[in-house]
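Since this is a predicted model, take the numbers as computed values, not measurements. Index from 1, following the sequence. Below, all heavy atoms of this structure are taken into account, side chains as well, without hydrogens, waters or symmetry copies.
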Amino acid sequence: SVSDLIESGAMRITCAILCLLGGLVVHLVSAQQRNPDNDWTSYNPDLAGTRYSRLTQINTNNVSTLVPAWSYRLRPEPGKSVPAMDKPASSFELFQQVTPIVVNGVMYLPSGNRVVALEPETGKEIWRYELSEGLASFRGVAYWPGDTKLPPRIFFTSLRRLIALRADTGALDRQFADGGVLDLEIPYAGVPVLYRNIILMGSNFF
């Protein structure tokens, strides 16, 4: 059963999108010469919400031959309790909706009570940001490229907060809002949409 799989140490997720992106990047490009088409820069991944990739290496003729390239554990390490994730059923619901983004050859994604940056070729963790309470939105994160004064940022929501991290280090970007955290007053579990220097967000109603 699903719960048995999760309890037995599953959620060492062999996430298909992670493996596919990892395989694509390692075969198509080198670290020195990256094609922007290899990136998936936002949840949709464009403002039109097309969710379309120009990549052609994987097609209907070879998709059945794909094999896992690597795996990454989305659940906390064994023995670490995170109340919002301790029930197997809730953990499965959280992780099945994760949509990673890949920007400039780095993969960013939520991981329960963490947000992490990974090498898409290997799954190696570059950095992690761990929340002291609550969970990161399980749908995904948003990338802002920065400007002449501010570095690139990763935005995500948690409870009633919009949080900004430095894309290079994973540290809170203290120049955003109140030390990196904006109080939204109402909860929002979705992914922010960024247009130039504007953040577009919805809200949850119960």
* **Min side-chain heavy-atom separation Trp70-Glu121 under 4.5 Å** => no
* Atom of Ile199, atom of Pro192 and distance for their closest heavy-atom approach -> CG2-CB, 3.9 Å
* To do: With the side chain counted from C-beta on, respond yes when Ser42 and Leu194 share a heavy-atom pair under 4.5 Å apart, and no when they do not.
  => no
* Asked: How far does CZ of Arg54 sit from CG of Asn38, to the nearest 0.5 angstrom?
  -> 11.5 Å
* Where the side chain of Asn59 meets the backbone of Asn61, is there a donor-acceptor pair that is under 3.5 Å apart? -> yes
* Hey, does Leu184 have a side-chain heavy atom less than 4.5 Å from the side chain of Leu182? -> yes
* Can any side-chain N or O of Asn62 pair as donor or acceptor with the backbone N or O of Leu66 at less than 3.5 Å? -> no
* If every non-hydrogen atom of Val116 is compared with every non-hydrogen atom of Glu125, which pair is closest and at what distance? -> CG1-OE1, 4.1 Å
* Asked: Is there side-chain contact between Asn113 and Glu133, with at least one heavy-atom pair below 4.5 Å?
  -> no
* **Main-chain N/O of Gly190 paired to Thr157 side chain as donor or acceptor, under 3.5 Å** => yes
* Asked: What residue among Val141, Leu118, Val102 forms side-chain contact (heavy atoms from CB on, under 4.5 Å) with Leu109?
  -> Leu118
* Ser111 (side chain) donor-acceptor with Leu74 (main chain) under 3.5 angstrom -> yes
* Structure fact -> Heavy atoms of Pro145 and Pro152 approach each other most closely as O-CG, 3.3 Å
* Please answer: with hydrophobic residues joined when any side-chain heavy atoms are less than 4.5 Å apart, are Met107 and Val191 in the same cluster? => no
* To do: Kindly work out whether a path of hydrophobic side-chain contacts (I/L/V/M/F/W/Y, heavy atoms less than 4.5 Å apart) joins Leu165 to Leu162.
  => no
* Just wondering, do Gln175 and Arg153 contact through their side chains at under 4.5 Å, heavy atoms? -> yes
* Non-hydrogen side-chain atoms of Val82 and Leu135 separated by less than 4.5 Å -> yes
* State whether Arg166 and Asp173 are salt-bridged, where the test is any N-O pair (Lys NZ or Arg NE/NH1/NH2 against Asp/Glu carboxylate O) under 4.0 Å. => no
* Heavy-atom pair of closest approach, residues Tyr43 and Arg139 -> CE1-O, 3.5 Å
* To do: List the steps and the verdict of side-chain contact (heavy atoms from CB on, under 4.5 Å) for Val106 and Glu119.
  => CA-CA 6 Å; Val106 178; Glu119 291 182 356; over 6 Å; no
* Asked: Would you say Asp178 has more than 12 foreign heavy atoms packed within less than 6.0 Å of its CG?
  -> no
* Tell me, do Trp40 and Pro45 make a side-chain contact under 4.5 Å, heavy atoms counted? -> yes
* **Cluster check Met201, Ile186: I/L/V/M/F/W/Y, side chain < 4.5 angstrom** => no
* Ignoring hydrogens and angles, tell me if any N or O in the side chain of Asn44 forms a donor-acceptor pair with the backbone of Leu47 under 3.5 Å. => no
* Hydrophobic cluster identity match, Ile101 and Trp127, side-chain contacts under 4.5 Å -> yes
* **Trp144 and Asn197 side chains, donor-acceptor separation under 3.5 Å** => yes
* Asked: What heavy-atom pair brings Arg160 and Asp183 nearest, and what distance separates the two atoms?
  -> O-OD1, 3.5 Å
* Do Asn104 and Asp39 come close enough that some side-chain heavy atom pair is under 4.5 Å? -> yes
* So does Asp147 pair up with Lys149, basic N to acidic O under 4.0 Å? -> no
* Looking at Phe156 and Ala136, what are the two nearest heavy atoms and their distance? -> CD1-CB, 3.7 Å
* Test Ile163 against Leu131 for side-chain contact (heavy atoms from CB on, under 4.5 Å), laying out the working first. => CA-CA 10 Å; Ile163 300 173; Leu131 291 158; 3.7 Å; yes
* To do: Can you spot which of Tyr188, Tyr143, Phe176 makes a ring-ring contact (aromatic ring centres under 6.0 Å, His included) with Phe155?
  => Phe176
